[in-house]
Protein chains: 2
Amino acid sequence: MGRVTAYTPGQVAEETGFSLDTLRYYERIGLLEPIERNAAGQRRFSDGDVGWLGMIRCLRDTGMSIAEMLRFAELTREGEHTIRDRIALLAAHDRAVEDQIAALRQKQGAIQRKIQYYRDVLAIPDALYACEDERAS
Amino acid sequence: MGRVTAYTPGQVAEETGFSLDTLRYYERIGLLEPIERNAAGQRRFSDGDVGWLGMIRCLRDTGMSIAEMLRFAELTREGEHTIRDRIALLAAHDRAVEDQIAALRQKQGAIQRKIQYYRDVLAIPDALYACEDERAS
DNA sequence: GTGGCACCTGGAGTCGGCTCCAGGTCAAGC
DNA sequence: GCTTGACCTGGAGCCGACTCCAGGTGCCAC
């Protein structure tokens with residue numbers, strides 16, 4: 001206990017919810033920087049890697065494209081002087097998420113009204129369709 | 001004025017925001033039932049078609065897959081006796097949208113905390129990075 | 001010492017959802 | 001009567017984001 005933690009691909013997949021293939025894919029395209037290897041050439045993820053993957057998941061799940069995440073990764077790699085750019089990028093994304101939520105709420109309203117419309121149709125003492133109901137087994 | 005309204009593909013594209021290709025695609029796969037044609041074989045959309053496209057847009061924009069929309073279209077074509085099923089489908093989707101919004105809000109919180117973290121880093125009287133800043137052109 | 005397992009690689013394949021294209025038809029305006 | 005523009009068709013192509021595969025390595029348990 002207490003030594004520097006290193007996670008196997010399997011553990012990371014388990015923890016982050018990304019598949020092994022996706023982890024390798026992300027490394028290939030440069031969304032993850034090259035992961036450390038053990039003597040046998042197998043990946044050993046650091047806490048930092050896992051933390052970064054948490055960020056990636058967050059961005060991905062809020063609809064950021066890989067291209068944009070790559071941009072963010074690039075900024076992060078470039079060092080401290082890009083922090084303002086990173087804030088700008090994240091703030092823009094935050095606004096995009098806000099818009100996304102607002103749009104969802106609005107469309108959800110329409111769906112709920114449609115549900116209510118159907119409920120109303122059912123509620124009408126529907127003599128018109130009664131025969132159809134009777135024909136049904 | 002006052003005759004049965006019929007919209008050209010261009011008008012429908014304009015009104016619904018779907019491209020001409022997408023409208024044709026939706027008809028091909030059966031998400032729209034076959035659209036009426038004029039003498040020259042060109043599509044003339046009815047108010048009903050445009051209304052249905054509005055529903056489709058709503059479902060699509062809230063993340064419903066085409067497969068699921070096809071299921072809904074099928075139910076709708078089958079007639080009045082599927083109304084309960086349609087309510088069930090839409091209610092399930094409504095819940096899915098709710099979950100989606102909740103997830104977005106949660107991830108958005110994480111993003112905002114990250115932004116705050118970066119702001120805090122900038123706020124620190126950063127003697128450590130001052131030299132770097134000075135070296136920069 | 002042999003089986004099983006977790007991992008490795010490069011490259012090809014898949015899937016959803018469009019989007020584009022070539023070649024053709026009509027109607028209207030000049 | 002010819003151009004222009006909006007439309008038509010079937011089919012191919014594209015894009016993003018993975019996902020799968022064949023063939024191979026290293027280690028541990030039995």
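Protein chains get the first letters and strands the later ones, always in sequence-line order, with residue 1 at the start of each.
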Student: Let me know the distance between CG of L53(A) and P of dC18(D), rounded to the nearest Å.
Tutor: 12 Å
Student: Centroid separation under 6.0 Å, is that true for the rings of W52(A) and F72(A)?
Tutor: yes
Student: Any donor-acceptor pair under 3.5 Å linking the side-chain atoms of S46(A) with those of D49(A)?
Tutor: yes
Student: Check whether the side chains of R105(A) and Q108(A) place a donor and an acceptor atom closer than 3.5 Å, and report yes or no.
Tutor: yes
Student: Rounded to whole Å, please give me the gap between CG in N38(B) and P in dC7(D).
Tutor: 11 Å
Student: Expressed as a whole number of angstroms, how long is the span from L23(B):CG to dC8(D):C1'?
Tutor: 14 Å
Student: Protein within reach of the bases, or only the backbone? For nucleotides 7-21 of chain C, mark each nucleotide 5' to 3' as B, S or -, using heavy atoms under 4.0 Å.
Tutor: SSB-B-----BBBB-
Student: With a cut-off of under 6.0 Å to the ring centre and 45° to the axis, is R57(B) in cation-pi contact with F18(B)?
Tutor: yes
Student: So, using ring-ring contact (aromatic ring centres under 6.0 Å, His included) as the criterion, who are the partners of Y25(B) when residues are at least two apart?
Tutor: none
